[in-house]
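Working notes, structure below.
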Amino acid sequence: MTFPLPPNATIGLVGGGQLGRMSAMAAARLGYRCHILTREVDSPAAQVAHAVTISDYADPVSLHAFAAAVDVISFEFENVSAEGLALLDALKPVRPAPAVLGISQDRVAEKTFLNNAGVATAPWLPVGSLAELHAAAARLGLPSVLKTTRLGYDGKGQRTLRCQADLSDAWAALDPKPLILEGFVDFACEISVVIARGADGAMSAFDTVENRHRAHILDVTLAPARIAEGVAEAAQSITRRVAAALDLVGLLAVEMFVDPRGQVLVNEIAPRAHNSGHWTLDACPASQFELHIRAIAGLPLPPAVRHSDAVMKNLVGPEGVALWPAILATPGLIPHLYGKTDARPGRKMGHVTRLFPKGALPGEFGVEAALHLASPA
Ligand code: AMP
């Protein structure tokens with residue numbers, strides 16, 4: 001198969017969650033079929049896809065069968081083993097390349113890569129033992145944030161260290177080892193940029209957005225971020241620099257902190273569609289999911305322009321699901337459900353977006369009101 005992929009080609013997506021679901025829907029609109037590789041029997045992505053292979057991500061027989069059935073392979077789930085990635089890469093084009101996933105899977109590799117590319121992060125040190133943790137905490141000071149280097153997401157696998165007594169507790173609690181200690185960033189806000197990059201090096205980046213978390217999980221994204229133009233531009237240029245340095249083919253999200261002096265520090269990168277880019281489904285002619293599919297299929301990348309400002313709110317766990325009737329009854333709220341049956345606490349069940357004319361995002365206290373999402377008493 002040559003690129004650009006012709007209509008009816010099959011895109012293999014590793015991972016069966018909501019990111020795969022929304023990618024498969026975007027792929028279908030471009031005339032492609034999606035084949036999902038997932039461990040889950042009834043996954044959000046497989047519900048809207050052409051085919052599914054249900055298997056462990058490490059099983060060579062399943063990986064072979066999956067690769068044989070598709071024309072290009074991409075991801076919504078990053079934690080595939082290096083051996084699994086190498087096997088897939090030997091059989092079909094993998095976009096982004098396994099080396100890019102390798103960097104994003106490991107916080108030490110990620111921060112080393114970023115710093116070598118001239119991109120600022122919080123100060124950090126690798127931590128392989130309790131003695132190293134004491135030494136690192138002495139150098140970086142407290143508070144600081146101890147994290148697993150691998151398999152962390154939504155605040156899982158991290159602890160904030162506030163006093164000396166926290167060190168041994170956090171060391172014992174966090175797994176898998178080794179760990180990384182990061183200086184605490186007293187951030188003014190958290191922002192992110194999603195960028196697509198084609199095999200020819202062309203790039204399209206969405207506007208810099210502002211992210212608010214609740215219990216370590218993304219709660220609300222405001223597009224665009226309400227920050228100084230220079231700071232938003234710094235985030236754009238950092239994101240372009242990272243995408244180019246990675247030689248990315250596909251989509252990349254860069255999560256950043258704005259420190260109190262207005263300096264932009266990268267927290268982490270994800271070479272895939274990102275929760276903070278969901279607003280693009282409704283506020284942009286071509287969403288992050290469409291740009292992802294276009295980039296990996298070798299199609300032209302349209303500019304990542306937005307026609308509206310937007311607020312996106314995640315619907316998390318049973319509380320999120322409880323808002324569903326009110327959302328459906330409220331004109332102007334744009335609902336998205338992910339097809340998950342079990343509303344466990346902390347699980348992302350869907351999201352809702354509201355659009356505003358450009359320049360008319362609500363003020364500081366108007367965001368929840370704009371969503372009309374006061375929980376029922
Ligand atoms: P992460 O898993 O690295 O994305 O971290 C989850 C959240 O924890 C971030 O979105 C921040 O709100 C917070 N956080 C992570 N690292 C730091 C840090 N070095 N300083 C302050 N807050 C942090």
Side-chain angles (χ1 to χ4, degrees), residues 96 100 103-104 110-111 113-122 185 187-213 218 220-292 294-295 300-312 353 355-356 358-361:
V100 175
I103 290 167
S104 71
E110 180 179 66
K111 290 209 161 52
F113 175 85
L114 290 167
N115 295 160
N116 286 343
V119 172
T121 60
V185 181
F187 53 79
C189 70
E190 295 189 78
I191 59 176
S192 59
V193 176
V194 173
I195 192 166
R197 185 173 183 274
D200 60 356
M203 293 192 255
S204 276
F206 291 99
D207 288 309
T208 308
V209 300
E210 181 178 337
N211 300 315
R212 296 183 180 177
H213 295 81
L218 181 65
V220 168
T221 294
L222 304 176
R226 296 172 308 173
I227 54 178
E229 210 172 296
V231 177
E233 272 165 21
Q236 294 280 317
S237 84
I238 287 169
T239 302
R240 285 174 185 274
R241 179 189 283 232
V242 175
L246 287 169
D247 199 15
L248 176 82
V249 181
L251 202 68
L252 175 78
V254 180
E255 291 182 55
M256 292 161 272
F257 301 124
V258 182
D259 81 4
R261 291 174 300 135
Q263 200 199 346
V264 178
L265 304 172
V266 172
N267 176 30
E268 62 181 357
I269 63 174
R272 53 165 172 76
H274 195 260
N275 198 167
S276 70
H278 289 0
W279 63 277
T280 63
L281 280 168
D282 302 307
C284 303
S287 71
Q288 64 164 348
F289 302 101
E290 177 166 342
L291 262 56
H292 176 209
R294 281 177 175 256
L301 292 179
V305 289
R306 69 175 209 288
H307 51 67
S308 303
D309 290 355
V311 176
M312 187 281 321
T353 309
L355 302 182
F356 299 86
K358 278 177 113 173
L361 266 188

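Note that this is a predicted model, so its numbers are computed, not measured.
- Met203 is not listed as a side-chain neighbour of Leu248, based on a closest heavy-atom distance of 4.5 Å or more.
- The minimum heavy-atom distance between Ala205 and Val193, with the atom names listed, is CB-CG1, 4.2 Å.
- For the atom pair CG (Asn275) and CE (Met312), the distance works out to 4.5 Å, reported to the nearest 0.5 Å.
- Contact check for Lys111 versus Glu268: no side-chain heavy atoms found under the 4.5 Å cut-off.
- Between Phe257 and Phe187, the ring planes lie parallel to each other; the angle is under 30°, not in the 30° to 60° tilted range.
- With contacts defined as side-chain heavy-atom distances shorter than 4.5 Å, the pair Val254/Ile195 does not qualify.
- Residues Ser192 and Asn267 are not in side-chain contact: their nearest non-hydrogen atoms beyond the backbone lie 4.5 Å or more apart.
- Taking all atoms of both residues into account, the shortest heavy-atom contact from Ala273 to Phe289 is CB-CE2, 3.5 Å.
- For the pair Leu301 and Ala202, the tightest heavy-atom approach, listed with the atom from each and the gap, is CD1-O, 3.5 Å.
- Side-chain contact between Val258 and Glu210 is absent, with no heavy-atom pair separated by less than 4.5 Å.
- Inter-residue side-chain proximity for Asp247 and Arg197 is flagged as met; some heavy-atom pair is nearer than 4.5 Å.
- Side-chain atoms of Ile227 and Thr208, non-hydrogen and from C-beta on, do get closer than 4.5 Å to each other.
- Annotation: side chain of Glu110 is in contact with side chain of Ile269 (closest heavy-atom distance under 4.5 Å).
- Pairing each heavy atom of Val209 with each of Ser276, the nearest pair is CG2-O, 3.7 Å.
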